[in-house]
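See below for the structure under consideration.
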Amino acid sequence: MKNFIGLMMIILLVSSCDVQQKKEAKLPEVEVDIDTEAGQLPTFDVDWADVNVGTRTKMVKIPKVVVVMEEEEIEVPYIDVDMPNSGEKEELTLTVEAEVENKEHSIDIKEIIATSNKLYVISELKELDQDLGDKKLRVSDRVILNAPDLNVKHIIMGEKPNRVFNDQYKYVTDINAFKSGLKNSKVIFTK
């Protein structure tokens, strides 16, 4: 590709210049007695094309895999949490998702741990046997929580799939090491 671009640039430079002859060529005059008079080579005034190289944003069509989301009625766990001195509660749907490729996966919310001001949603991502080919798939799980407004952090046990979508969650291989760092915590949901 680089050679092609280089060749195109040379062709562009050669074909984009304007050459105008300023003087006529004159051959030297030769006399038989070997006296010579100086000749003159032609001179040229060359104006090169002004070339700017850069990038532009342009709308182009690219192939995309479309995931169709269908609504289905399913049983979703419901948790009602009363915390001391917490004020009003609101109903939140805690959803965890992972975008996977190559193999089908499952993701399940295993437990929710509460600290004084945070909820840690602990999920597990497992690779299954079904081959996806070149398709990508999103898997998800959810829990409905009726609790005071708290900061929610998602922790996923398992190997992080190589997709940008998955950067929004923290992936760990040793959940016990993660849990040992939590102070004054209480498990409020277990599946």
Side-chain angles (χ1 to χ4, degrees), residues 1-2 54-191:
M1 187 65 177
K2 284 185 178 180
T55 61
R56 285 190 180 169
T57 302
K58 187 170 183 171
M59 188 66 71
V60 295
K61 290 183 180 182
I62 58 172
K64 291 228 177 196
V65 175
V66 177
V67 176
V68 177
M69 301 293 282
E70 293 180 355
E71 240 179 72
E72 288 185 21
E73 195 168 298
I74 60 170
E75 291 291 319
V76 178
Y78 180 84
I79 305 162
D80 190 33
V81 178
D82 288 315
M83 297 181 75
N85 304 320
S86 62
E88 287 189 41
K89 297 189 293 184
E90 61 182 90
E91 190 172 285
L92 304 169
T93 300
L94 302 176
T95 303
V96 63
E97 289 184 301
E99 190 171 89
V100 297
E101 57 188 354
N102 301 327
K103 292 278 189 179
E104 191 173 311
H105 287 65
S106 68
I107 193 165
D108 294 303
I109 296 174
K110 293 296 186 183
E111 62 185 349
I112 299 176
I113 301 171
T115 62
S116 60
N117 63 348
K118 287 185 184 168
L119 287 178
Y120 292 94
V121 179
I122 311 294
S123 302
E124 184 178 24
L125 180 66
K126 286 185 183 177
E127 184 178 284
L128 304 175
D129 294 331
Q130 181 67 37
D131 189 23
L132 293 175
D134 60 351
K135 295 179 185 173
K136 289 140 189 77
L137 180 69
R138 281 197 188 163
V139 292
S140 66
D141 194 17
R142 64 196 39 80
V143 170
I144 297 173
L145 178 71
N146 191 32
D149 189 21
L150 296 171
N151 190 3
V152 177
K153 299 287 183 188
H154 287 274
I155 310 300
I156 299 177
M157 297 180 288
E159 188 175 330
K160 179 181 173 188
N162 190 21
R163 306 288 303 154
V164 174
F165 177 84
N166 300 312
D167 290 344
Q168 62 186 318
Y169 303 120
K170 179 176 181 159
Y171 285 78
V172 297
T173 53
D174 185 359
I175 195 62
N176 292 323
F178 173 79
K179 287 180 183 179
S180 68
L182 297 178
K183 304 294 182 222
N184 300 322
S185 62
K186 180 179 180 181
V187 176
I188 62 170
F189 170 77
T190 303
K191 188 190 266 183

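Here, residue 1 is the first one in the sequence, and each next residue gets the next number. Scope of the values below: all heavy atoms of this structure, side chains included, with no hydrogens, waters or symmetry mates. Small disclaimer: the values here were computed from a predicted structure and weren't measured.
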Can you establish whether the number of heavy atoms outside [X] located under 6.0 Å from its atom [atom1] is more than 12?
{"X": "Asp131", "atom1": "CG", "value": "yes"}
{"X": "Glu159", "atom1": "CD", "value": "no"}
{"X": "Lys103", "atom1": "NZ", "value": "yes"}
{"X": "Asp174", "atom1": "CG", "value": "yes"}

Compare every heavy atom of [Y] with every heavy atom of [X], then report the nearest pair and how far apart it is.
{"X": "Ala98", "Y": "Asn166", "result": "CA-OD1, 3.3 Å"}
{"X": "Ala177", "Y": "Ser180", "result": "O-OG, 2.7 Å"}
{"X": "Ser140", "Y": "Thr95", "result": "CB-CG2, 4.5 Å"}
{"X": "Arg138", "Y": "Glu99", "result": "NE-OE2, 2.9 Å"}

Could you tell me whether the side chain of [Y] reaches within less than 4.5 Å of the side chain of [X], counting heavy atoms only?
{"X": "Lys153", "Y": "Lys170", "answer": "no"}
{"X": "Leu125", "Y": "Val96", "answer": "no"}
{"X": "Phe189", "Y": "Ile109", "answer": "yes"}
{"X": "Ile175", "Y": "Lys110", "answer": "no"}
{"X": "Lys160", "Y": "Asp167", "answer": "yes"}
{"X": "Leu145", "Y": "Leu119", "answer": "yes"}

Q.
I'd like to know whether Asp141 forms a side-chain contact (heavy atoms from CB on, under 4.5 Å) with Lys191, so could you lay out the CA-CA distance, the side-chain angles of the two residues, the decisive distance to 0.1 Å, and finally the verdict.
A. CA-CA 12 Å; Asp141 194 17; Lys191 188 190 266 183; 2.9 Å; yes
To the nearest 0.5 Å, what is the distance between [atom1] ([X]) and [atom2] ([Y])?
{"X": "Lys126", "Y": "Asp108", "atom1": "NZ", "atom2": "CG", "answer": "7.5 Å"}
{"X": "Ile122", "Y": "Lys179", "atom1": "CD1", "atom2": "NZ", "answer": "6.5 Å"}
{"X": "Ile112", "Y": "His154", "atom1": "CD1", "atom2": "NE2", "answer": "8.5 Å"}

